[in-house]
Number of protein chains: 2
Amino acid sequence: MHAQVTPLSVPALREACSQCNLRELCLPVGLSPEELGQLDELVDTRRRVLRGQHIYRSGDPFEALYAIKTGFFKTDVLLEDGRDQVTGFQMAGEILGLDGIGTEKHACNAIALEDSEVCVIPFIDLENYSREIGALQHHFHKVMSREIVRDHGVMMLLGIMRAEERLAAFLLNLSQRFTARGYSPTEFNLRMTRNEIGSYLGLKLETVSRAFSRFQDEGLITVHQKHIQILEVAGLKKLLSERRN
Amino acid sequence: MHAQVTPLSVPALREACSQCNLRELCLPVGLSPEELGQLDELVDTRRRVLRGQHIYRSGDPFEALYAIKTGFFKTDVLLEDGRDQVTGFQMAGEILGLDGIGTEKHACNAIALEDSEVCVIPFIDLENYSREIGALQHHFHKVMSREIVRDHGVMMLLGIMRAEERLAAFLLNLSQRFTARGYSPTEFNLRMTRNEIGSYLGLKLETVSRAFSRFQDEGLITVHQKHIQILEVAGLKKLLSERRN
DNA sequence: GATTCACGTTGACGCAGATCAAAGCTCACG
DNA sequence: CGTGAGCTTTGATCTGCGTCAACGTGAATC
């Protein structure tokens with residue numbers, strides 16, 4: 001079904017989680033060393049996904065979750081009439097595929113925005129292991145819960161914030177996630193287009209572009225194409241809290 | 001902390017789930033009769049919640065999930081600046097509190113829109129039981145996953161639909177959920193105000209009111225205050241699919 | 001049955017962001 | 001190194017919904 005996706009050779013996979021430098025961010029959080037060893041068997045393959053390729057598509061049968069080892073993804077949903085919306089951007093250590101559990105079919109498309117690598121976690125195995133390893137079970141529940149809370153945050157974005165607030169919140173969120181991964185909080189490259197940002201934020205690409213320009217004029221950030229430098233974190237945060245009404 | 005909430009006497013609780021007529025909608029879905037019997041111990045109390053009362057508030061420590069036995073709720077989130085947004089409306093058989101698992105604190109407020117009754121499910125017990133009962137574990141995962149998918153649907157609403165589409169989608173969603181509970185698909189009373197509908201849909205109450213009036217003028221529905229009758233389901237559905245572009 | 005209060009409806013007007021249009025920038029490819 | 005394609009920026013104009021304001025309505029209370 002996904003012929004374009006290349007599985008890695010099995011030998012490379014032993015000690016998948018226990019040696020992974022993302023284990024403090026990803027599913028293994030909170031496990032003891034022995035439990036971590038058990039988890040190595042949970043990840044049965046890794047897959048390389050080239051930029052533009054799907055890991056799964058809306059409607060595909062759900063079988064596994066995907067932990068992002070390296071790279072950057074977006075998820076989106078298509079309406080019958082052709083309109084679509086980006087529902088999230090995911091980076092290393094985050095889990096893709098949670099949308100498929102409920103109906104046994106994926107409810108969105110997951111697309112690599114750069115060449116990436118994911119760990120395939122067959123869901124049935126995850127459920128089995130989490131019956132044995134309480135810490136895994138609990139952490140998995142936390143991951144799902146946080147996804148729900150994150151979505152509520154996006155609903156707030158879309159429901160009550162104005163364009164510039166949305167973009168400021170978006171940049172601050174990216175900054176924080178890059179920080180957690182050891183990258184610069186203030187300087188990074190966007191992996192997505194203005195159109196994709198707009199789709200995520202419920203705005204048109206022109207509006208996103210104008211907001212970037214406005215932030216730059218005000219000295220809050222510098223923008224060179226996809227390269228963003230945040231000059232005044234506080235200024236962006238102020239945009240979110242200070243509200244005329 | 002919630003002094004206003006009245007726990008029911010314990011004797012009333014034995015056989016909580018196994019006798020509940022919501023067991024086909026709620027957490028016990030897919031359990032065998034014996035497993036169902038085990039579940040009866042999971043629900044340790046029920047609570048009456050009067051209209052306007054909270055089951056929990058944002059920031060409260062997370063300890064339990066709440067299965068709605070009767071009644072109707074909303075969840076909302078407040079921003080520091082006073083703006084707030086309704087993140088969902090919940091009815092019998094649905095689970096409240098999933099937002100608290102990730103951080104051990106509730107991330108929103110849950111408020112009864114009519115006098116209601118909820119089953120209290122201590123989360124630690126749920127995790128314990130679901131380690132023993134695979135079907136419970138799996139169904140709980142489905143419940144969480146569906147919540148994520150539902151939220152994505154709301155994101156689509158807020159991100160790309162126009163006012164009348166949002167309201168049509170809202171009415172159709174209510175209709176479908178009432179149907180699943182054995183009520184009329186075409187005639188029901190709204191438990192929430194125009195303001196609350198607007199907050200959920202990212203619209204102002206005036207816009208909601210105008211859209212209701214417009215639907216009525218077009219013969220799609222009749223509106224008498226909170227009483228709604230859907231005259232043309234197909235007409236509402238058409239609003240969603242037919243899109244000028 | 002008069003009073004009140006929360007909620008809802010309707011109209012007039014304004015504005016944030018959409019839409020339409022044109023031009024610039026960057027990079028891949030022959 | 002010239003060409004083209006995709007992405008981005010910027011300007012001009014339009015419009016759906018927000019805002020403000022006034023009035024209507026039904027249910028509760030006395």
Side-chain angles (χ1 to χ4, degrees), chain A residues 50-52 74 82-86 111 113-115 157-171 189-218 221-228 239 243-245, chain B residues 50-52 74 82-86 111 113-115 157-171 189-218 221-228 239 243-245:
Chain A
L50 297 182
R51 184 181 161 172
K74 71 168 177 182
R83 286 181 288 176
D84 74 330
Q85 174 154 16
V86 172
I111 302 155
L113 295 180
E114 61 184 28
D115 295 354
L157 261 189
L158 295 172
I160 62 182
M161 292 188 185
R162 45 189 53 254
E164 293 189 4
E165 293 179 287
R166 295 184 201 186
L167 191 64
F170 174 71
L171 290 175
N189 283 295
L190 300 172
R191 320 295 150 109
M192 69 295 279
T193 66
R194 302 288 189 266
N195 194 32
E196 287 164 335
I197 296 171
S199 174
Y200 180 61
L201 298 178
L203 302 170
K204 293 293 157 182
L205 66 93
E206 294 95 329
T207 305
V208 173
S209 177
R210 280 186 242 269
F212 271 133
S213 300
R214 189 116 195 284
F215 286 172
Q216 189 162 230
D217 293 347
E218 289 167 350
I221 64 175
T222 64
V223 188
H224 292 112
Q225 340 228 127
K226 311 231 142 150
H227 185 84
I228 301 285
L239 267 179
R243 174 76 167 134
R244 74 238 99 256
N245 76 5
Chain B
L50 297 182
R51 182 179 165 177
K74 70 168 177 181
R83 286 182 286 176
D84 74 329
Q85 175 154 17
V86 172
I111 302 154
L113 295 180
E114 60 184 29
D115 294 355
L157 263 188
L158 296 172
I160 62 184
M161 292 188 185
R162 46 189 52 255
E164 292 189 4
E165 294 178 285
R166 296 184 200 187
L167 191 64
F170 174 71
L171 290 175
N189 283 296
L190 300 172
R191 319 295 149 110
M192 68 295 278
T193 66
R194 302 288 189 266
N195 193 32
E196 287 164 335
I197 297 172
S199 173
Y200 181 61
L201 298 178
L203 302 170
K204 291 294 157 181
L205 67 93
E206 294 94 329
T207 305
V208 173
S209 179
R210 279 186 244 270
F212 270 133
S213 300
R214 188 115 195 283
F215 286 172
Q216 189 162 228
D217 293 346
E218 288 167 351
I221 64 176
T222 63
V223 187
H224 291 112
Q225 341 230 123
K226 310 231 146 154
H227 184 84
I228 302 286
L239 267 180
R243 175 75 169 138
R244 74 238 99 257
N245 76 3

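In what follows, chains carry the letters A, B, and so on, assigned in the order in which the sequence lines appear, proteins first and then strands, with residues in each chain numbered from 1.
A:N189 places its CG atom 13 Å from the P atom of D:dT8, with the value rounded to the nearest Å. Counting to the nearest Å, the C1' atom of D:dC17 and the CG atom of B:L158 are 14 Å from each other. With rounding to whole Å, B:D217 atom CG is found 12 Å from C:dT9 atom C1'. We find that CZ of A:R162 is positioned 19 Å from P of D:dG16, with the value rounded to whole Å. Distance, A:M161 CE to C:dA16 P: 18 Å, rounded to whole Å. The separation between A:L167 atom CG and D:dT8 atom C1' is 14 Å, rounded to whole Å. For the pair B:I160 CD1 and C:dG17 P, the computed distance is 18 Å after rounding to whole Å. At whole-Å resolution of the value, CD in B:Q216 and P in C:dT9 are 9 Å apart.
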Expected string for nucleotides 22-29 of chain D under the B/S/- scheme (protein heavy atoms, under 4.0 Å, primed atoms plus P, OP1, OP2 as sugar-phosphate) is ----S---
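Nearest approach of B:L113 to B:E196, heavy atoms of both residues: CD2-OE2, 3.8 Å. Annotation for A:L158 and A:G202: closest pair CD2-N, 3.6 Å, computed over non-hydrogen atoms. Summarising the geometry of B:S199 relative to B:V86, their closest heavy-atom pair is OG-N, 2.8 Å, with the distance given to 0.1 Å.
Taking a cutoff of 4.0 Å between a charged side-chain nitrogen and a carboxylate oxygen, B:R214 and B:E218 qualify as a salt bridge.
Under the rule for a side chain to side chain contact (heavy atoms under 4.5 Å, CB included), A:Q225 has no partner lying at least two apart in sequence or in another chain. Considering only residues two or more places apart in sequence or on other chains, A:S213 meets the side chain to side chain contact (heavy atoms under 4.5 Å, CB included) condition with none of them. Residues satisfying the side-chain hydrogen bond (donor to acceptor under 3.5 Å, both in side chains) test with A:K204, not counting sequence neighbours, are none.
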Under the criterion side chain to side chain contact (heavy atoms under 4.5 Å, CB included), I'd like the reasoning laid out for A:E164 against A:F215: C-alpha separation, chi angles, the key distance, then a yes or no. CA-CA 9 Å; A:E164 293 189 4; A:F215 286 172; 4.0 Å; yes
Using side chain to side chain contact (heavy atoms under 4.5 Å, CB included), reason through B:Y200 and B:M192 one step at a time and then give a plain yes or no. CA-CA 10 Å; B:Y200 181 61; B:M192 68 295 278; over 6 Å; no
Residue pair B:F170, B:V208: steps toward the side chain to side chain contact (heavy atoms under 4.5 Å, CB included) verdict: CA-CA 11 Å; B:F170 174 71; B:V208 173; over 6 Å; no
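Non-hydrogen atoms lying under 4.0 Å from DNA chain D are contributed by A:L205, A:E206, A:S209, A:R210, all within residues 203-211 of chain A. Contacts of residues 192-202 of chain B with DNA chain C (heavy atom under 4.0 Å): B:T193, B:R194.
Counting heavy atoms from C-beta on, the side chains of A:T193 and A:L205 never come closer than 4.5 Å.
For D:dT8, the OP1/OP2 oxygens have a side-chain nitrogen or oxygen of A:K226 closer than 4.0 Å.
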